[in-house]
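The next block holds one structure in the form of structure tokens; read it before the comments.
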Number of protein chains: 2
Amino acid sequence: MNDHNAPDSLLKLDLQVCFALYSTNLAMTKVYRRLLRELGLTYPQYLVMMVLWEEDGQTVSEIGERLFLDSATLTPLLKRLEGMGLLSRRRAADDERRVRVQLTDPGRDLRIRAEAIPEAVACASQCQPEELMALKDQLHALRRKLNG
Amino acid sequence: MNDHNAPDSLLKLDLQVCFALYSTNLAMTKVYRRLLRELGLTYPQYLVMMVLWEEDGQTVSEIGERLFLDSATLTPLLKRLEGMGLLSRRRAADDERRVRVQLTDPGRDLRIRAEAIPEAVACASQCQPEELMALKDQLHALRRKLNG
DNA sequence: TGATATTAAGTAGCGCGCGATTTAATATCG
DNA sequence: CGATATTAAATCGCGCGCTACTTAATATCA
């Protein structure tokens with residue numbers, strides 16, 4: 001009868017939404033993994049590079065606020081990117097608790113090669129831009145409610 | 001101008017959708033983590049239990065098809081659930097390559113306590129059922145395209 | 001039947017993502 | 001100034017999720 005307000009229906013519906021989120025995220029990550037392999041990056045590493053390409057020299061906390069990740073996740077990840085020679089980590093002179101993350105020349109240069117990625121993902125999604133934008137807005141709204 | 005077909009706009013839009021998916025999934029997992037802690041389950045473990053509550057005695061592959069996970073992920077996870085006494089793993093008599101997963105009495109009983117979870121998550125999401133259903137359908141459509 | 005191919009599950013190793021804790025630097029306040 | 005609180009980053013341990021590989025059982029077919 002399509003009674004979305006019946007408790008049972010609501011509970012199952014919710015379950016499906018969360019699993020849809022979970023499994024679609026897995027599928028998305030798989031697509032990125034294939035595309036990012038030639039850049040030698042994982043998806044979270046790619047996100048960090050995006051944040052730095054947008055604004056270089058951010059602290060670990062600032063990067064974490066953009067990506068909703070904390071230092072327990074970011075510190076090892078940044079060390080790997082540093083090991084690849086894509087960035088450098090240095091304590092800030094004015095506040096030695098903070099670590100500023102600076103792109104190296106290879107790190108900046110990688111942006112050119114990375115610019116082909118979004119188009120390839122969009123192609124793999126086979127969605128209209130309008131659909132993707134609508135989905136993005138709904139996800140942002142849900143994220144805000146879940147985080148708040 | 002709102003020109004979604006301009007290459008630059010399309011690329012950025014796609015990026016935002018994927019990150020929205022990624023970060024909303026993180027937020028969703030955090031909500032579940034808090035709720036599932038009292039059951040002693042992680043979200044993927046909870047998903048496996050859901051699959052078995054729906055149909056007991058499935059093989060590792062069958063569970064994997066439902067959840068889009070393979071044996072490299074499921075075998076260790078199932079061993080942990082077995083270690084908790086929630087299920088048992090046994091080679092199938094008719095085809096000894098397959099492992100059938102059976103709920104134990106405690107595993108079946110856990111369902112009662114788990115039934116409060118979806119409502120709590122729905123409450124945390126603060127969304128109308130219609131919104132969640134629409135989001136679910138869009139995610140399923142995207143997942144199908146990404147996987148196919 | 002016997003050789004080969006396929007299938008199901010398991011293992012090893014790596015990179016997240018996070019709760020809990022630690023270390024060190026800065027801020028606050030008596 | 002000195003004691004305490006707060007903050008930023010790092011560390012530790014665990015559970016995914018995956019690629020690549022291994023092992024064992026079944027299927028296929030000459």
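Convention: sequence-line order gives letters A, B, ...; per-chain numbering from 1.
Scanning residues 36-45 of chain B for heavy-atom distances under 4.0 Å to DNA chain D yields Thr42(B), Pro44(B), Gln45(B). Less than 4.0 Å separates DNA chain C from at least one heavy atom of each of the following residues of residues 47-66 of chain B: Thr59(B), Val60(B), Ser61(B).
Scored by the side chain to side chain contact (heavy atoms under 4.5 Å, CB included) test, Ala92(B) finds Asp94(B), Arg98(B), Arg100(B) as partners (sequence neighbours excluded). Partners of Asp105(A) by side-chain hydrogen bond (donor to acceptor under 3.5 Å, both in side chains), not counting sequence neighbours, listed by chain and number: Arg108(A). Listed by chain and number, the residues in a side-chain hydrogen bond (donor to acceptor under 3.5 Å, both in side chains) with Glu54(A) are Arg66(A) (sequence neighbours excluded). Every residue was checked against the side-chain hydrogen bond (donor to acceptor under 3.5 Å, both in side chains) condition with Asp109(B), not counting sequence neighbours, and none meets it. Residues passing the salt bridge (Lys or Arg N to Asp or Glu O under 4.0 Å) test with Arg111(A), sequence neighbours excluded: Glu115(A).
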Check nucleotides 23-26 of chain D for protein N or O atoms closer than 3.5 Å to its own N or O atoms and list the pairs.
| unit_1 | atom_1 | unit_2 | atom_2 | d |
| --- | --- | --- | --- | --- |
| dT26(D) | OP1 | Glu96(B) | N | 3.2 |

Would you tabulate the pairs of protein nitrogen or oxygen atoms and nucleotide nitrogen or oxygen atoms of nucleotides 11-14 of chain C closer than 3.5 angstrom?
| unit_1 | atom_1 | unit_2 | atom_2 | d |
| --- | --- | --- | --- | --- |
| dT11(C) | OP2 | Lys79(B) | NZ | 2.5 |

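Note on Leu74(B): nothing from the nucleic acid sits closer than 4.0 angstrom, heavy atoms only.
Evaluation of the side-chain hydrogen bond (donor to acceptor under 3.5 Å, both in side chains) test over residues 135-148 of chain A, restricted to residues two or more places apart or in two chains, returns Lys136(A)-Gln16(B), Gln138(A)-Gln138(B), Arg143(A)-Ser23(B).
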Under 3.5 Å, which donor-acceptor pairs link side chains of residues 36-50 of chain A to any protein atom two or more places apart or in another chain?
| unit_1 | atom_1 | unit_2 | atom_2 | d |
| --- | --- | --- | --- | --- |
| Thr42(A) | OG1 | Gln45(A) | N | 3.2 |
| Tyr43(A) | OH | Phe19(B) | N | 3.4 |
| Gln45(A) | OE1 | Thr42(A) | N | 3.0 |

Under 3.5 Å, sequence neighbours excluded: what are the donor-acceptor pairs made by side chains of residues 78-87 of chain A?
| unit_1 | atom_1 | unit_2 | atom_2 | d |
| --- | --- | --- | --- | --- |
| Glu82(A) | OE1 | Arg89(A) | NH1 | 3.0 |
| Glu82(A) | OE2 | Arg89(A) | N | 3.3 |

